Amino acid sequence: MAASKPMTFSRRSFLKSSALASGGMIIGFNLFNACKADVKPPVDLSQLNYNDFNAFIKISEEGKVTIFSPNPEIGQGVKTSMPMLIAEELDVAWEDVYVQQGKLDTENYKRQVAGGSQSIRYSWEPLRQTGATAKQMLVNAAAARWGVDASECSVSEGVITNANGETLGYGDVVAEAAILEVPEEVTLKDPKDFKIIGKGKGNVDIDKIITGKPLFGLDYKEEGMLYACVLRPPAFGQVLESFDAEAAKALPGVVDVITIGQKIRDYRAQGKSNWTMAMSDTDKVVVIGKTTWDAMKGKKAIKASWKTETPLESTETHNQALLDLLNGNTFNTRRKDGNVKNAFANADKIIERVYEAPFLPHNTMEPMNFFANVTPEKVHLVGPTQTPEAAANVVADLLGRDIKDIQVEMTRMGGGFGRRLYDDFVYEAVEISNTIKKPIKMVSSREDDMTTGVYRPSTKYKIAASIKDGKLTGYHLKEACVNGNMYGLIPNFFPAGAIANYQVDTVSYKSNITTGAWRAPYTNFLASAEQSFFDELAEALGMDRVQLHMDLLDNVKQNPEANIEYSPDRLQAVLKLAVEKSNWGNTEEGVYQGLSVYYCHNSHVAEVADITMENGIPNVKRVTCAVDCGIVVNPLGAMNQAKGGVIDGIGHALYSDFGFNNGVPQSNNFNTYQLIRMGQTPKVDVHFIENNIDPTGLGEPTLPPIGAAVANAIYKATGKRLTKQPYMSNMNVENSVVG
Amino acid sequence: MPKFNLKINNTSYAIEADSDMPLLWVLRDKINLVGTKFGCGIGQCGACTVHVNGNATRSCLLQVSQAEGMNITTIEGLSEHGDHPVQQAWKEVDVPQCGYCQAGQIMTASAFLNTNSSPSDSEIRDAMHGNICRCAAYNSIQEAVKLASKK
């Protein structure tokens, strides 16, 4: 783990400053170089025109500071927290900073992706360094004007002071600073001197959000823009056979009806593939309307027939297939410590349980949409995507255009949760605009969005543990998952390293249903399964739940060969904090508590759920959440993320279900698909561990553990172990296989 | 195409539209008031909430022909300077995560507080139950409604 302390950097090669024609300076920065020392610059930096590119900091002669925030904002708060890192080291008052969303700019920015809770982790040093470098250049300019040494000058909130008490503002010296050499070395602040980092800063878009200003992709408009709605196959496995557009075309608001699909087929026919293209290559019918409503109405008037190309799958098919795989022997072994087989053969007692979870749609509040205007000069794309760079590359390939022709602007996003990592909607919009040669915006209805998604795959785990002489001797986890394996990438998470005989096996069922990342991929259900199992295991061992976990983590610390990703010390610390703050074990009558502790996305979290039972229905009253994500950059935003993750996790573990019948999704809107609402939400108390460790992500880590905390509390209240999500639909279902 | 006279945020608009066009799309695509959001189209999520004669109403279900003659207020017209007590409270508590549903939440909360100026926590939870926040900022929404009620 890297502890933050004052650091000196010498990395001038990826920084560049320029004077602006309008006065002032701009300092640009190349994260591409900064994150990896061995990567060569993608371009000659001296050739960059920072007036065209969105570099990080612009300072005007009036002293106004604009910071361009590079990463897509999906509600995780980086549009506020990333500029905070720059402003801290630049030493300006946060109130004087204006934040603007940067465009896609692969030459200046690295990793313009929102995903995996990694934005802050990767930018922690480079963004601070950019701020510190700009500050040093401004100080150098002031020192030169005064004829003093720069080291005699100090800075506070954008004002430079020399030893005689004379002062100059950033704006006063910016013209001189812009033509100075970029300094070889800068020193970053000691965390104890932070004035902005660690102080709660409100959402930078708050005024626009509360007054309804255009911000989101769905709000974007251009002169002459038309609206497009896409009719896609109703079932996974079907493709378009024929359609009749006569009735649609007769509607006054319908401009045109076309088909798309050829571009995707051509792309795939060349043997190309890209992971962001999570879509079938069927033809689709597109209705172009004067307004969104016209296009939606026109789409309903299309009469289409579909033919079945690949087998139509149902939830029963998936359930049986996954159970068969779990009971079979076609696994890939992901990690193997000691000898699980021997441990089980010699056991006094074996516990085994199967845990099951359904598919889940993302259901971002803002449905998928994108603006595209394909012209001979350029391809202009605007909208909500978590992966603008990948989208631009695929679009260039689809249209046979130079990548330089592709311009992507990211709007604020009405949620992401992983859905906008996939850019199927961008490619549809591009093909539509390319066909009709007009600027269009593709808009999905809620039904389109929910039924043609990229779902969290249905997954089942079978976990078994062996007990000998009252001790845990072996742990064997098997995973069967639709389309690829969740556990494959993370076999070194807890309890790896804690148990001598440990094995993880995975197997996959190939389905024609599109699946992909969903908030906290790999762990969003795994944590529920594993932490429910440990609750049962503690009971079988006759041990206190907390003590079992502390002991296992002690084992890890004594195991030099542990080969793990998590920190046993940090997990123990969050566990202790959650136990203390939740008043664990000392609840009022009728309140039942469940515990869960988990590491994922580089952060450590422990959660305690307090529930009551009302008419046989569990009611989650309070959640205590202890988090170690290192230095908390923006406590206000961090609190929002942590609470949101917990409540989102409760909602999906308890209520949300998504099944298929002959390829057709069984829910298509919020009348049949349940998302958690105000009346079902507990009060969430979040406690952050205070330390000076470099920050890690917070968009995801509080979500995975909560399902088990609630299930374990329900067990205490009812004596029933819930193993199948959503728990509310399965309160009365008999538990699956017990060994 | 029929013409409708709408009174929105104290301004009169003469709009040509199909009579079944929902007010939501009239606002967004014809009048360019895009603060009112599309979420589900069937009145389930609350993202499109506006005030019709002071009552919180789902604009995705209200046809333009039914909206004629009504006093319609959208998020853009809730206050002149963005300083309605509910807006102030939303800012003080820093409620939004993605922010998409918040206009609808604010319109529901402000109509509710007009009918109940000092609500209990459980009254707030009942009143806000119809508005989905996918980021689950529910703790903050509850806190902000309470704070607004004291302003």
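The structure displayed is predicted, hence computed values, not measured ones.
Contact count against chain B (heavy-atom pairs under 4.5 Å) is highest for N640(A) among L215(A), L251(A), N640(A). Most heavy-atom pairs under 4.5 Å with chain B: of the set V443(A), T681(A), I647(A), this distinction falls to T681(A). With chain B as partner, the option from V646(A), N671(A), V684(A), L636(A) having the largest number of non-hydrogen pairs under 4.5 angstrom is N671(A). Comparing N363(A), L675(A), I650(A), N669(A) by how many heavy-atom pairs each has under 4.5 Å with chain B, the most go to N669(A). Each of R125(B), R134(B), H81(B), H129(B) has some count of heavy-atom pairs under 4.5 Å with chain A, and the biggest count is that of R134(B). Interface summary for chain B: among I209(A), T291(A), D219(A), D207(A), the most heavy-atom pairs under 4.5 angstrom belong to D219(A). If you tally non-hydrogen atom pairs under 4.5 Å between each of R519(A), M365(A), R446(A) and chain B, the highest count goes to M365(A).
Minimum heavy-atom separation, I132(B) to C101(B): O-CB, 3.5 Å.
With a threshold of 4.5 angstrom between heavy atoms, P214(A) approaches chain B through its backbone and through its side chain. For M296(A), the part lying under 4.5 angstrom from a heavy atom of chain B is the side chain only. In this structure, no portion of V86(B) lies under 4.5 Å from any heavy atom of chain A. Only the side chain of D18(B) comes within contact range of chain A, with heavy atoms under 4.5 Å apart. With a 4.5 Å cut-off on non-hydrogen atoms, K91(B) touches chain A through its backbone and its side chain both. For a residue to count as touching a neighbouring chain, one of its non-hydrogen atoms must lie under 4.5 Å from one of that chain's; by this rule K221(A) touches chain B with the side chain only. In this structure, the portions of L218(A) lying under 4.5 Å from any heavy atom of chain B include both its backbone and its side chain. Both the backbone and the side chain of Q142(B) come within contact range of chain A, each with at least one heavy atom under 4.5 Å from a heavy atom of that chain. Proximity to chain A (any heavy atom under 4.5 Å) is restricted, for Q102(B), to the side chain, taken from C-beta onward. The contact between K297(A) and chain B is made entirely by side chain atoms (from C-beta outward), counting heavy-atom distances below 4.5 Å. Of the atoms belonging to S444(A), it is backbone heavy atoms, and not side-chain ones, that fall under 4.5 Å from chain B.
Using the six-membered ring where Trp is involved, F658(A) and Y673(A) have ring planes that are perpendicular, over 60° apart on the 30 and 60° scheme. Using the six-membered ring where Trp is involved, Y100(B) and F216(A) have ring planes that are perpendicular, over 60° apart on the 30 and 60° scheme. Using cut-offs of 30° and 60° on the angle between ring planes, the pair F370(A) and F425(A) is tilted.
Heavy-atom contacts from other residues, nucleotides or ligands closer than 6.0 Å to NZ of K300(A) number 12 or fewer. Within 6.0 Å of atom CD in E80(B), 12 or fewer heavy atoms from other residues, nucleotides or ligands are found, so the atom counts as exposed in its surroundings.
With respect to R419(A) and D449(A), no salt bridge is recorded, no charged nitrogen being found less than 4.0 Å from a carboxylate O. Under the 4.0 Å criterion applied to side-chain N and carboxylate O atoms, D205(A) and K213(A) are not assigned as salt-bridge partners. Look at E68(B) and K3(B) and you find no salt bridge, because none of the NZ, NE, NH1 or NH2 atoms lies under 4.0 Å from a carboxylate O. Electrostatic pairing of E143(B) and K683(A) does not count as a salt bridge here, judged by no charged N lying under 4.0 Å from a carboxylate O.
Distance check: S140(B) OG to E92(B) CD gives 13.0 Å after rounding to the nearest 0.5 Å.
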